[in-house]
Amino acid sequence: MKHQGTKYKSFLLIMFFFTLMTFFMPSTTVQAVPSDDDVLKAAPSGMKLGNLFEYPTTYTGSKTVNNSVQVRTAGGSNPNPVDVIQMTNGDKQVSSIWGRKTNPDDSSKDYNYFDLSKEQTISGWIYVGPTYNVSGDGITLVLQNDDNGINAIGRYHKDNLLLSDDDYAASGESLGVYGSTDSQFTTTDPSQLSSSAIQNSFALEFDSFRNDSVVTGSAIDLAMGNIKDSYFDNLLDSQNTAETKGQHVAWSYPADSGTYEKTATGKDAWHHFSFTYKPDTDDSNYGYISYVYNDRENDGTVKPYRTWDKRPRDSDSPIKIDLRKFNLKDGQTKIRWGFTSSTGSPNSTPGSNDIIVEKIPSVLNVLDQSGLYDVTQGRNIKDLDHRAANPTDDDKDYTVDDGDKLAFTYNLNYSSGITGTGDIKAKIQLPQNVLYQNDDNNHIGEIDYTDDPNSKTYIDASQLSTTTNAEGDDVQTLNLDLSALSEKNTNVKVTIYGTANAPTSNTLKTTTVNPEHTSYKSDYYL
């Protein structure tokens, strides 16, 4: 019998990219609308929030407006199994919540901030309503250096014929971050809108309602409130095509008047997002962002890489942003970050906007990596799922031979944070077409903590169990208890050994091995 080649897609660990893309349109099938409790009961995994965030209860101005945000901790009378930030739950609401920038126990120490001098990743889950245009208007992830701090909010700017200018927290199309006009008024001056936005800011918006109503009519109609302004997302590009179509994800500088002249670039469940920032190593005036939307199933299972809704589409060409928009002081690199939201656009239907936080860079920064090493051939095997085109059978970068000894590695590395991970529960679903039994002692792998040379423990074959993967296949699985990572225990490496075992065949053929899911769960790391 000839040896068969075996192609491996290296299994994907929990991967964090923060890109926002077009929202998937919902199915036309008529379905029952879930209640808020149903949504919260189905919440995916997230981190404990503790005292990491802060927010004002009201926004002052010519009219006091309540901040609708609620932090719903898990347990008690709440139906959610994890901590959830509920941004809105009704009509004409506006909300914001911000990372607590200084330590509540020692104001001289930094806490939950965003550092523009370092690579940063924020990830989590959002819920923006059960059906199309329900929960209008959406959620934004905001980086800001506004002098108003946690009181920063997008505001209305009235500029009508008889009434004096007015300013107070804006609901509806503002998403809580942009400047806006009161629903019965309009303006032709972009600077009026930009000046009432959150200043010195960058926003990544998950906009669940497209504001595209054209404002027409007389000045009297406008003044009497007979016409509603809802044209926020309907500007046209150079080909006279609407730049925004339906629900969308986009980025902008809310305090830049150019944002209001040109826009920046189904959703019936929880959606995963990941936002990543990297500083420009050659020019401190710039940074680079990328973001991903809908890259995971609700249980955390990673979707195939080529189906991810991400920007940029080419990972080698990140989006360049101008850090001068933040108006930083000399030497300043740390700014505030958080979320804003709103409801109330004309023709939208109010509903809940909810967030589950999964990863915060200043709280805990852990890099997770997985890999496959062909021990027999002495080389690393690349991830087939991330290749732009399918390799040929003789492409050795992605191929191992039947009978080769293999080593699968799962590596977690703590680099910084104000807290440790807490004890970690790891669930590793192992790739198929591999025999996992390596030595005379029935050991199939080992766990090593780099900071403790005497820490090696062996994984026995008896620890294997059988679970069902996302495709419904039975796969061998390991459930491991890993020690907490922190400044004193920075790295853990799990290695699993096996032998490639292709299906029996009388002819030479290639077997493609699908990726399998690995999850890590702890109080502050997922």
Q | ring pair (Phe, Tyr, Trp, His ring centres under 6.0 Å) partners of Phe53, counting only residues at least two apart | A | Trp337
Q. Are Tyr497 and Tyr436 close enough that their ring centers fall under 6.0 Å?
A. no
Q) Who are the side-chain contact (heavy atoms from CB on, under 4.5 Å) partners of Glu119, not counting sequence neighbours? A) Thr276, Lys278
Q) Can you name the side-chain hydrogen bond (donor to acceptor under 3.5 Å, both in side chains) partners of Lys456, sequence neighbours left out? A) none
Q) So, for Trp270 and Ala43, which heavy atoms are closest and what is the spacing to 0.1 Å? A) NE1-CA, 3.7 Å
Q: Would you check if the distance from the ring center of His271 to the ring center of Tyr293 is below 6.0 Å?
A: yes
**Q.** Asp451/Lys488 ion pair, N-O < 4.0 Å
**A.** no
Q. Looking at Tyr410 versus Tyr520, is the centre-to-centre ring distance below 6.0 Å?
A. no
Q: Salt-bridge test for Asp83 and Lys48: reply yes if a basic N is under 4.0 Å from a carboxylate O, no otherwise.
A: no
Q) Hey, is the main chain of Asp280 close enough, under 3.5 Å, to the side chain of Asp283 for a donor-acceptor pair? A) no
Q | Charged N-O contact under 4.0 Å between Lys334 and Asp115 | A | no
Q. Considering residues, nucleotides and ligands other than Glu446, do more than 12 of their heavy atoms fall under 6.0 Å from its CD?
A. yes
Q. Going by an N to O cut-off under 4.0 Å, is there a salt bridge joining Arg296 and Glu358?
A. yes
